*Asks:* 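If you scroll down you'll find the structure; I have some questions about it.
Values below: all heavy atoms of this structure, side chains included; hydrogens, waters and symmetry mates excluded. Quick caveat: nothing in here was measured; it's all calculated off a predicted structure.
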Amino acid sequence: DTDDAHGGALHIDRQVHALPGTGLLIVVHHQALKPLAEQPLGAAVLLPHPLGIGTGQDHPPVVHEVDVVAGGRFHLFYNGLRRLFGYKHLSFHPFPRKAHACFYLQPYRTLLCIWYNYSTLFSYNVQLLLCYNPNIRNPNMTGGSTMKIVVLDGYTENPGDLSWDELAKLGDVTVYDRTSYVEDPIIAERIGDAEVVITNKTPISKETIDKCPNMKLIAFLATGYNVADYNYAKEKGVLVCNVPTYGTACVGQYAIALLLEVCHHIGHHDKTVHEGKWANHIDWCYWDYPLIELDGKTAGIIGFGRIGQTTGRIAKALGMKVLAYDLYPNDSGKAIAEYVDLDTLLAQSDVVFLHCNLTADNEKMINKENIAKMKDGAILINNSRGQLIDEQDVTDALKSGKLGAAGLDVVYTEPIKADNPLLIAPNCIITPHMSWGAKEARQRIMDITVDNVKAYISGSPINVVNK
């Protein structure tokens, strides 16, 4: 019988049970055991036949038997399961309710739980609970149906210096370097009947979700997930998860690198030396731009979470006074900076860093009105979100000298358009959204994404953004 109280799982208390439509049978010998040391509990798991049990074809099931020695010696049962399923596909699982032993059979997406009660030292009542997925798969049997995983734009995450091997252990993985950064029929074509879709900047629209009914998980290789219609995905029962933290150190470091490049133009001067300018110069040294010392100046950081605080600590180490604006001040932030309101930060800062999330309220927050509140000659640094600035207003401020310089790693539309006004703005350094790309950070993205898929398979998804 199906026990609805267990979410549709099958409560095993007799000898033979079938799971309709799955080709899976469980055979259990359930008895009171007296004495424990002499009475084994036998369990046989009948898995789908490699040639198609449950698909209407007439093939006998594959039978696996495991002997269990009672007396609480469930490690023997565990060892038996290891021999049957292989060590890498078997793991302990958090116990539901009062289960005393619980195992997750990864290739079969099945949770096997054992629990017992006893009235005397020598009298146990042992039961099994099988929590099953109605679309059970066996990726280790020839002819079995493996869970399909598609990576739509894997090149920026892994241009060749990382490995997809851990992901490949979870299913049949297809990796595309690139698909499309705009809505295109090729997105749905490549997803096909995949259950897990992994993307970074390839959009997953309502139309794509409708065309791919087998899709159950959209896993982002990033923190941002706005290119997916995550609300519609929720309506259709599709989970969307992200990588919430991976690049705190390297993004904070890069923000300071942009500032130091503004202050010293190291790249420019290196280029002129290699072009021969120093070798042919009348003086023993030269610089083509004013050099800026940061000690004693004020850094204002808008958005003072993990990355903002990392930037603040480095700025403080350079001798800068640090101001912060954030909707949620905290003690760790107070140890680094003085929290102020936005207008005060804009008015007092020599350098303004943007480290905030993009919301409907702060889109284009660095506009003509707020630039007017800033110090003359202030420096703007943005490696957060390009949509936080009004690009034409920033260009105009750079041309007029109201802004002394800008260091940007993001723009409103990416890749940057050829007619973006910032491309001809003076004193404007632009890099191609590379703050996040340190190998160490990308490895963390890979690891967390694999964990996200594993958690989905186990039935306990993590980092879900559309609950």
*Asks:* Got a sec, which residues hit side chain to side chain contact (heavy atoms under 4.5 Å, CB included) with V175, two or more places apart in sequence or on another chain?
*Replies:* V151, W164, V173
*Asks:* Between E391 and N420, is there a donor-acceptor pair closer than 3.5 Å when you use the side chain of the first and the backbone of the second?
*Replies:* no
*Asks:* Rounded to the nearest 0.5 Å, what's the gap from OH on Y181 to CD1 on I187? Could you check?
*Replies:* 11.0 Å
*Asks:* Do you know the tightest heavy-atom contact between I336 and V322?
*Replies:* O-CB, 4.0 Å
*Asks:* Check whether any side-chain heavy atom of T202 sits under 4.5 Å from a side-chain heavy atom of V227, and report yes or no.
*Replies:* no
*Asks:* Would you kindly say whether D361 and T359 are connected by a side-chain donor-acceptor distance under 3.5 Å?
*Replies:* no
*Asks:* List the atom of A222, the atom of N200, and the distance in Å for their closest heavy-atom pair.
*Replies:* CB-OD1, 3.7 Å
*Asks:* Can you name the residues that form a salt bridge (charged side-chain N to carboxylate O under 4.0 Å, His left out) with D193, not counting sequence neighbours?
*Replies:* K148
*Asks:* So, do N466 and V464 sit near enough that their side-chain heavy atoms are less than 4.5 Å apart?
*Replies:* yes
*Asks:* Salt bridge (charged side-chain N to carboxylate O under 4.0 Å, His left out) with E183: which residues, sequence neighbours excluded?
*Replies:* none
*Asks:* Just so I know, are the side chains of I302 and M365 near enough to count as touching, which here means a heavy-atom distance under 4.5 Å?
*Replies:* yes
*Asks:* Can you tell me how far the NZ atom of K454 sits from the CD1 atom of I448, to the nearest 0.5 Å?
*Replies:* 13.0 Å
*Asks:* Return the minimal non-hydrogen interatomic distance between M147 and I457, and the atom names on each side.
*Replies:* CE-CD1, 3.4 Å
*Asks:* Can you tell me which residue pairs pass the salt bridge (charged side-chain N to carboxylate O under 4.0 Å, His left out) test with a partner in residues 433-450, sequence neighbours excluded?
*Replies:* D161-R442
*Asks:* Answer whether the closest heavy-atom distance between the side chains of T156 and K201 falls below 4.5 Å.
*Replies:* no
*Asks:* For residues 238-249, tabulate all N or O donor-acceptor pairs below 3.5 Å that involve a side-chain atom, not counting sequence neighbours.
*Replies:*
residue	atom	partner	partner atom	Å
N242	ND2	T223	O	2.8
T245	OG1	R306	NE	3.4
T245	OG1	R306	NH2	2.7

*Asks:* What distance do L217 atom CG and N452 atom CG have between them, rounded to the nearest 0.5 Å?
*Replies:* 7.5 Å
*Asks:* Looking at D390 and I366, would you say the former's side chain and the latter's main chain have a donor-acceptor pair under 3.5 Å?
*Replies:* no
*Asks:* Do other residues, nucleotides or ligands put more than 12 heavy atoms under 6.0 Å from the CG atom of D177?
*Replies:* yes
*Asks:* Compare all side-chain heavy atoms of L358 with those of N226 and state whether any distance is below 4.5 angstrom.
*Replies:* no
*Asks:* If you compare all heavy atoms of H265 against all heavy atoms of H269, which two are closest, and at what distance to 0.1 Å?
*Replies:* O-ND1, 2.9 Å
*Asks:* Say you draw a straight line from CG of L258 to OG of S435; how long is it, rounded to the nearest 0.5 Å?
*Replies:* 6.0 Å
*Asks:* Listing request: all salt bridge (charged side-chain N to carboxylate O under 4.0 Å, His left out) pairs with a residue in residues 204-227, at least two apart in sequence or in separate chains.
*Replies:* K206-D210
*Asks:* Tell me every residue that passes ring pair (Phe, Tyr, Trp, His ring centres under 6.0 Å) with Y225, counting only those two or more places apart in sequence or in another chain.
*Replies:* Y230
*Asks:* Roughly how far, to the nearest 0.5 Å, is OG1 of T199 from CG of L221?
*Replies:* 7.5 Å
*Asks:* List the atom of Q309, the atom of S332, and the distance in Å for their closest heavy-atom pair.
*Replies:* OE1-OG, 3.0 Å
*Asks:* For A324 and L345, work out which heavy atoms get closest and say how close.
*Replies:* C-CD1, 3.8 Å
*Asks:* Return the set of residues passing side chain to side chain contact (heavy atoms under 4.5 Å, CB included) with A425 (not counting sequence neighbours), or none when no residue passes.
*Replies:* T395, L398, C428
*Asks:* Considering residues at least two apart in sequence or located in another chain, which fulfil the side chain to side chain contact (heavy atoms under 4.5 Å, CB included) criterion with I186?
*Replies:* T179, S180, D184, E189, R190
*Asks:* Just by distance, do the side chain of N382 and the backbone of R385 share a donor-acceptor pair under 3.5 Å?
*Replies:* yes
*Asks:* To the closest 0.5 Å, what do you measure between OG1 (T311) and CD1 (I256)?
*Replies:* 5.5 Å
*Asks:* What pairs with D326 under side chain to side chain contact (heavy atoms under 4.5 Å, CB included), at least two apart in sequence or on another chain?
*Replies:* F304, Y328, Y339
*Asks:* Without swapping roles, check the side chain of N362 against the backbone of L388 for a donor-acceptor pair under 3.5 Å.
*Replies:* no
*Asks:* Is any side-chain heavy atom of Y254 closer than 4.5 Å to a side-chain heavy atom of T431?
*Replies:* yes
*Asks:* Should N383 and H355 be marked as a side-chain contact (heavy atoms from CB on, under 4.5 Å) after you check the CA-CA gap, both sets of side-chain angles, and the distance that decides it?
*Replies:* CA-CA 7 Å; N383 62 334; H355 281 310; 3.3 Å; yes
*Asks:* Compare all side-chain heavy atoms of M215 with those of V196 and state whether any distance is below 4.5 angstrom.
*Replies:* no
*Asks:* If the condition is ring pair (Phe, Tyr, Trp, His ring centres under 6.0 Å), which residues does H268 pass it with, not counting sequence neighbours?
*Replies:* Y289
*Asks:* For K417, give me all partners under salt bridge (charged side-chain N to carboxylate O under 4.0 Å, His left out), at least two apart in sequence or on another chain.
*Replies:* none
*Asks:* Check whether any side-chain heavy atom of V465 lies under 4.5 Å from a side-chain heavy atom of F220, and answer yes or no.
*Replies:* no
